[in-house]
Amino acid sequence: MVEFLARNGRATLNHLAEAGRAGTLLFRVILGGYRLRRDWSLLLKQLYMVGVLSVAIIVVSGLFIGMVLALQGYNVLVDYGAEESLGPLVALSLLRELGPVVTALLFAGRAGSSLTAEIGLMKATEQLSSLEMMAVDPLKRVIAPRFWAGVICMPLLALMFNAVGILGGFLVGVEWLGVDQGSYWSIMQAAVDWQDDLLNGVIKSVVFALVVTWIAVFKGFDAVPTAEGVSRATTETVVHSSLAVLALDFVLTAVMFG
Amino acid sequence: MEKRKIEVLVGLFIVGALAALLLLALRVVGDNMLDGGNSYRLQARFDNIGGLKERAPVKIGGVVVGRVDNIVLDGQSWVPVVEMVIDSRYSGLSEHSSAAVLTSGLLGEQYVGITPGFIDEEEGTALLKDGGSIRDTKSALVFENLISQFLYNQDNK
Amino acid sequence: MSNEPIVAISNLTFRRGERVIFRDLSLTIPRGKVVAIMGPSGIGKTTLLRLIGGQLRAERGVVAFNGEDVGQMSRSRLFEVRKQMGMLFQSGALFTDMTIFDNVALPLREHTNLPEPLLRALVLMKLESVGLRGACELMPAELSGGMARRAALARTLALDPALIMYDEPFTGQDPITLGVLAKLIRELNDALGMTSIVVSHDVHEVMAIADYVYLIADQQIIGEGQPQALRDSTSPLVNQFMLGQPDGPVPFHYPARPFAEDLAQLGGARG
């Protein structure tokens, strides 16, 4: 019994300490000094690594999810003779939920894991230490550009995901299943609101971007510098950030649409 | 050289995201004329609003001219009051205009349809102004009422 | 510069978790010399370098660099001081995503605002001094281990530090590379007027280039002196290490209870 308590107490303390380190890291990354010219070129490179390289998976997934939504939605709606409502169904599902959430999950798997692995390996091969010994703060030089790149890229990727998904829904709904083209767009326009749907979706995706990128860079920076430690950190990034995204999505949905 | 390529690709990425935003803003999101200020408000009292919801469209002859902004129950007369925001391009409705809660399709969304009233120039009919009220209203058709009415008529034959 | 030692460690105690790494350890690194710190693996030689570099903090005792306690410095002061130190890591720790040239240029770009042509000249000079000017456009992955270490050395030299710390520079190198590295360490030290600390357990190479040697084992210094003095030492501990005897005061076996007891227990379990 005592041992059980001791073990749990220790685990709790470890988690608290980890949260503390994560908080410190975020604080120092955000408030660390910036030097415009140098930081811009570092950021540019990470925008490429994190953003450009994720476009393919986001676009393809968005297209397929939009098409599936249209197909499934059509089959249900057609029974009630309400297939014109396909447009709002596809658009609202994407803008409010699937766009931000699926983008965040894909981003965690595609970019988050590679951020963690890269930073963890830099730690394991003493690159971070050697930066410190060169009097260069790795938080500014390595972590900050990656963090900001993630925060900038994910909402942009979510916008692409939404747009492509709605086009995918159009392809299946209108081109294939024969929903009237005019009503696909016009009923969608009547149902989708700029603030309630588009803006709230973007806000969600900014929140997810912060959380997923934060977890990814922290797990890398905090990784045990061995092969096993880095692989564990990479797994933890994907698992923790996926769970965080789903839980936060519930909270945000309750606040925004509840 | 390498850096140039990255710059171009990141540029394309951002242009792509902006294009996506543009598509969403222009084709997907509805006209949002009502927040802009170029609008005026009307009220209408219905006996029964059926399934009408806030943000439902207000149409004249099928053209969307505004939205339902607010639905409250008048605490004294126990009648629902529907407040609508109408684009000021469509001002100058006669006070003889009538409003009805209608349904698009059998199971579709409910909306408010306004039928413009005549304007009698000799008698000088008043126009509906900001905050004005449409007095002639028709309530939503409630399915159960329709059916019982139908059955009642059958029995009487 | 005075005769004051560049690094002075006094009464240092450092613990990692429950394990004591150093107990009451004192040593000084005189200016301008090549000082070797030797000892069996796993006794915290690298830890000592990290303590000097301020990446770890002592539990008790003082680690002074130019007379200033590294453990008490603020973060920004520490970063200032580190510009005068260089550390060559065991793996080289080159940044794998940039060319050798950019690797060497990195500290200069971070800490100075030199115009590009001057920067280029400086970097090529540093690379020339380690014999890798021709390799400046290669990526680190394209270099052999020895060359990577030399490139990392050029990067460490970039800011002209007063002190360079070498962490196991000879490990896993072929005899030719080994000779090259040893010669480089000695020559750079003398030509640039630096101080070098070499952490290693390669007795032969280290003895050839060091001015002074500290032998660390068992949380403490077990021997010190000029290389010849150490060779002539009568201490069994020193002798064991210098001659590479498998067993002696440093036991071959990890501490355990008597083997017979373990065997007896096995027998008991079966019976």
Side-chain angles (χ1 to χ4, degrees), chain A residues 10 13-14 17 24-25 27-29 31-50 53 114-115 117-146 149 220-221 224-227 230, chain C residues 46-47 49-56 65 70 73 75-98 102-113 140-141 148-149 151-161 163-168:
Chain A
R10 206 157 31 234
L13 282 181
N14 284 343
T24 318
L25 174 116
F27 188 75
R28 279 176 40 201
V29 164
L31 295 184
Y34 297 97
R35 275 173 31 192
L36 205 60
R37 218 184 70 213
R38 178 201 68 180
D39 290 343
W40 169 242
S41 78
L42 290 174
L43 180 66
L44 191 74
K45 173 146 193 231
Q46 293 309 319
L47 286 176
Y48 174 78
M49 302 292 289
V50 168
L53 295 183
S114 76
L115 281 178
E118 189 192 11
I119 296 170
L121 267 177
M122 287 181 86
K123 187 178 183 187
T125 54
E126 296 175 316
Q127 294 183 42
L128 296 185
S129 276
S130 82
L131 272 177
E132 275 192 0
M133 288 306 299
M134 278 182 235
V136 178
D137 189 348
L139 286 180
K140 287 182 205 160
R141 166 91 205 182
V142 175
I143 307 294
R146 287 168 172 76
F221 194 70
V224 180
T226 60
V230 174
Chain C
T46 306
T47 308
L49 294 189
R50 287 181 188 267
L51 281 160
I52 298 174
Q55 292 190 310
L56 298 172
F65 178 79
V70 174
M73 287 178 189
R75 217 182 136 69
S76 52
R77 177 70 192 138
L78 193 58
F79 272 65
E80 266 319 298
V81 167
R82 278 180 186 159
K83 291 181 191 168
Q84 304 169 43
M85 306 180 182
M87 169 115 98
L88 183 67
F89 286 85
Q90 200 166 344
S91 57
L94 290 170
F95 303 112
T96 41
D97 59 343
M98 41 178 111
D102 288 331
N103 260 286
V104 178
L106 187 138
L108 292 168
R109 288 195 171 127
E110 285 287 332
H111 295 303
T112 66
N113 264 326
R149 230 166 267 191
L153 180 55
R155 188 180 63 181
T156 315
L157 291 173
L159 289 176
D160 293 323
L163 169 73
I164 293 199
M165 297 180 270
Y166 298 89
D167 186 4
E168 303 280 8

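Every chain is numbered from 1 and lettered A, B, ... according to where its sequence line falls, protein lines coming before strand lines.
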Flag the one option from C:R50, C:K83, C:E110 with the top tally of heavy-atom pairs under 4.5 Å to chain A. C:E110

C:R155 versus chain A, the contacting section by heavy-atom distance below 4.5 Å: side chain

Between C:F89 and A:M133, is the side-chain contact (heavy atoms from CB on, under 4.5 Å) condition met? List the steps. CA-CA 10 Å; C:F89 286 85; A:M133 288 306 299; 4.0 Å; yes

Which atom names give the shortest non-hydrogen contact between C:A93 and A:S130, and what distance separates them? O-OG, 3.6 Å

Given the rule in the side-chain contact (heavy atoms from CB on, under 4.5 Å) test, do A:K45 and C:D97 qualify, once you have shown the distances and angles that lead to the verdict? CA-CA 11 Å; A:K45 173 146 193 231; C:D97 59 343; 3.3 Å; yes

Euclidean distance, A:M134 CE relative to C:L106 CG, rounded to 0.5 Å: 6.0 Å

Does atom CG of A:N14 have more than 12 heavy-atom neighbours from other groups under 6.0 Å away? yes

For a side-chain contact (heavy atoms from CB on, under 4.5 Å) check, start with the C-alpha distance between C:T96 and A:M122, then their side-chain angles and the critical distance, and finish with the verdict. CA-CA 9 Å; C:T96 41; A:M122 287 181 86; 5.8 Å; no

With sequence neighbours left out, write down each residue that passes salt bridge (Lys or Arg N to Asp or Glu O under 4.0 Å) with C:R77, or none if nothing qualifies. C:E68

So, the part of C:L78 with a heavy atom under 4.5 Å from chain A: the answer is neither

Considering residues at least two apart in sequence or located in another chain, which fulfil the side-chain contact (heavy atoms from CB on, under 4.5 Å) criterion with A:D137? A:R28, A:L139, A:K140, C:R75, C:F79

Ignoring hydrogens and geometry, is there a side-chain-to-backbone donor-acceptor pair from C:Q55 to A:S129 under 3.5 Å? yes

Quick one about A:E126 and C:Q90 (side-chain donor to acceptor, distance below 3.5 Å, no hydrogens or angles considered), yes or no? no

